[in-house]
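So the structure is just underneath, and the comments pick up after that.
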Number of protein chains: 2
Amino acid sequence: MHPSLEKLISSVQSAVTLEDFQTATEGLRDHYKVAHIVYHWVNSNGERFGAGTYSQEWVDRYVEKDYLRVDPVILGCFQRFHPVDWKQLDWSTKTSKAFFKEAVRYGVGNQGLTIPIRGPQGQFALFTASNTCSDDVWTSFRKRNERDLILVAHEFNKRALEYELGVESDTVAGLSPRELSAMTYIAKGMSRAQAAAQMDISEHTLRVYIEAARHKLGALNTTHAVARALSRGLIVI
Amino acid sequence: MHPSLEKLISSVQSAVTLEDFQTATEGLRDHYKVAHIVYHWVNSNGERFGAGTYSQEWVDRYVEKDYLRVDPVILGCFQRFHPVDWKQLDWSTKTSKAFFKEAVRYGVGNQGLTIPIRGPQGQFALFTASNTCSDDVWTSFRKRNERDLILVAHEFNKRALEYELGVESDTVAGLSPRELSAMTYIAKGMSRAQAAAQMDISEHTLRVYIEAARHKLGALNTTHAVARALSRGLIVI
DNA sequence: TCCACACTCCCCCAAAATAGCGAGGTGGCC
DNA sequence: GGCCACCTCGCTATTTTGGGGGAGTGTGGA
């Protein structure tokens with residue numbers, strides 16, 4: 001990895017504010033000599049954050065027109081797993097063609113590579129490099145830099161997660177072994193009677209476990225408790 | 001990146017069968033001179049696949065004892081986002097201590113680095129490198145190789161996703177927007193009446209959504225449906 | 001154009017979960 | 001020895017879900 005890129009990664013690793021993320025994207029843009037670098041991120045509460053080199057006009061326009069629901073990059077990456085070249089996306093519909101044209105008019109590149117990453121609680125981030133150039137030039141750019149970009153995207157996410165954790169704080173309640181078993185059977189779709197039979201205890205006892213878990217998790221009902229236990233990674237189905 | 005590692009990555013990229021994945025893990029083990037390389041993967045239907053260099057005895061033991069629910073690596077990575085050194089995990093409980101001891105006895109290393117990756121439909125994969133060595137040796141190994149391992153993990157996932165798409169023909173159930181909203185409210189602990197009020201529809205209509213979601217997800221009851229929707233990343237609470 | 005599918009509403013009744021009141025035994029920790 | 005967390009079991013009454021029927025609208029794709 002290039003020394004100046006290492007330096008940029010360090011700046012991401014030590015980023016504290018959104019401005020720091022912003023500065024990092026500008027540094028990366030200059031390093032790679034591309035039109036834009038953008039990092040876009042949805043935390044577990046569904047709040048969106050963004051840092052990047054797009055013009056303010058484009059960002060405003062994007063928000064105003066609710067292009068999140070149109071942008072094939074967003075729609076495409078939401079169903080994908082791995083780095084996506086914009087060319088692979090579906091630009092065939094009328095709305096997406098119009099969107100692309102307008103994006104280019106606002107200075108967004110005609111080429112792009114977007115790397116989606118997901119977190120355990122529904123966090124979803126997109127790291128994008130975009131440029132205006134021919135297909136051949138872009139392909140060779142990707143060949144040279146795709147791996148580094150994946151690593152950079154990881155660094156952004158790592159820091160973004162810490163940023164999120166800094167904002168939130170919640171106590172994780174521990175469930176007892178029997179409570180965990182009971183919750184697991186319930187999460188698998190068993191009725192209380194079935195789960196009790198599985199655990200070889202009375203249905204009443206099972207109920208006590210479920211209620212204990214519900215209270216510990218601050219849940220309103222069994223379904224809520226299961227949802228919370230799954231979200232917190234306490235149980236696996 | 002080392003030429004011989006490039007070769008191993010190519011072999012991952014062209015993997016077709018589980019045996020190919022297996023062979024790739026063995027190659028990586030030899031390349032890095034570590035005790036084990038393991039790739040473990042849960043697809044969007046909750047089916048588990050694995051390829052790695054652990055002994056068959058350990059794998060059997062692991063399955064038999066249902067260690068998925070004990071293993072701090074699994075439990076820890078489920079709540080995390082980024083490469084996890086096994087030392088960072090919680091080994092303080094009695095069961096996890098016993099598990100660790102047994103794992104070491106079966107030849108699993110005392111050190112490990114696990115890289116979790118998630119897909120859009122709740123796919124969840126773990127790529128692990130493990131070795132028996134001192135903390136210092138392991139730290140320097142991580143420093144040298146962590147980035148490469150992240151890229152290797154990405155390659156495994158990319159191929160695993162293609163493998164999944166090739167093997168499965170059963171449609172991944174997509175829930176309609178209203179079904180997703182309904183499921184989300186239910187997952188947040190609301191009763192049908194409350195959720196219906198939130199969505200400003202009759203309780204009966206809400207019930208239709210919940211039942212449709214239940215059928216699409218192949219769930220036995222509402223709680224099960226919520227659990228599946230969460231596991232597959234369809235909803236977030 | 002028509003079909004499929006999402007969306008909306010209504011009935012009834014059996015089954016299951018929830019809420020409230022209990023009881024007692026074990027084992028670890030201060 | 002006392003406290004606390006965990007594990008186990010019982011009862012009754014009320015609320016919520018689940019399964020079985022229906023029926024009508026609107027919208028987007030073949």
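Every chain is numbered from 1 and lettered A, B, ... according to where its sequence line falls, protein lines coming before strand lines. Quick caveat: nothing in here was measured; it's all calculated off a predicted structure.
- In this structure, Thr205(B) reaches the dC9(C) phosphate: one of its side-chain N or O atoms is under 4.0 Å from OP1 or OP2.
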Quick test: give all pairs of protein nitrogen or oxygen and nucleotides 13-17 of chain D nitrogen or oxygen below 3.5 Å, distance rounded to 0.1 Å.
residue, atom, partner, partner atom, Å
dT17(D), OP1, Arg192(B), N, 3.3
dT17(D), OP2, Arg192(B), N, 3.3

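- Among Val226(B), Leu230(B), Thr223(B), the one residue that satisfies the side chain to side chain contact (heavy atoms under 4.5 Å, CB included) test with Val226(A) is Thr223(B).
- A salt bridge is absent between Glu102(A) and Lys65(A); no separation between the charged side-chain nitrogens and carboxylate oxygens falls under 4.0 Å.
- Of the possible polar contacts, one joining the Asn221(A) side chain to the Gly189(B) backbone as a donor-acceptor pair under 3.5 Å is found.
- Taking atom CZ of residue Arg178(A) and atom C1' of nucleotide dC6(D), one finds them 11 Å apart after rounding to whole Å.
- Of the possible donor and acceptor atoms, one in the side chain of Arg228(B) sits under 3.5 Å from a partner among the backbone N and O of Gly218(B).
- Geometrically, Arg232(A) does not engage Phe78(B) in a cation-pi contact, judged by NZ or CZ lying under 6.0 Å from the ring centre and within 45° of the ring axis.
- Straight-line distance from the CD1 atom of Ile201(A) to the P atom of dC6(D): 15 Å, rounded to whole Å.
- Distance Met199(B) CE to dA6(C) P: 14 Å, rounded to the nearest Å.
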> In the 5'-to-3' direction, what one-character label does each nucleotide of nucleotides 20-28 of chain D receive under the scheme B = base within less than 4.0 Å of a protein heavy atom, S = sugar-phosphate only, - = no such atom?
Replying inline: BB-------
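- No side-chain donor-acceptor contact under 3.5 Å links His154(B) to the backbone of Pro83(A).
- Atom CG of Leu175(A) is separated from atom C1' of dA5(D) by 13 Å (rounded to the nearest Å).
- As a whole-Å value, the separation of Ile210(A) CD1 from dC7(D) P is 12 Å.
- Taking both residues in full, the closest heavy atoms of Asp85(B) and Gly112(B) are given as OD1-O, 3.4 Å, listed atom of the first, atom of the second, then distance.
- For the pair Glu179(B) and Leu220(A), nearest-nucleotide mapping onto DNA chain C gives the more 5' position to Glu179(B).
- Note on Ser176(A): every side-chain N or O is 4.0 Å or more away from OP1 and OP2 of dC6(D).
- Between Glu57(B) and Arg61(B) there is no salt bridge, since no side-chain nitrogen of the basic residue lies less than 4.0 Å from a carboxylate oxygen of the acidic one.
- In this structure, OG on Ser130(B) lies 7.5 Å from CG on Asn110(B), to the nearest 0.5 angstrom.
- For dC6(D), one of the phosphate oxygens OP1 or OP2 lies less than 4.0 angstrom from a side-chain nitrogen or oxygen of Lys216(A).
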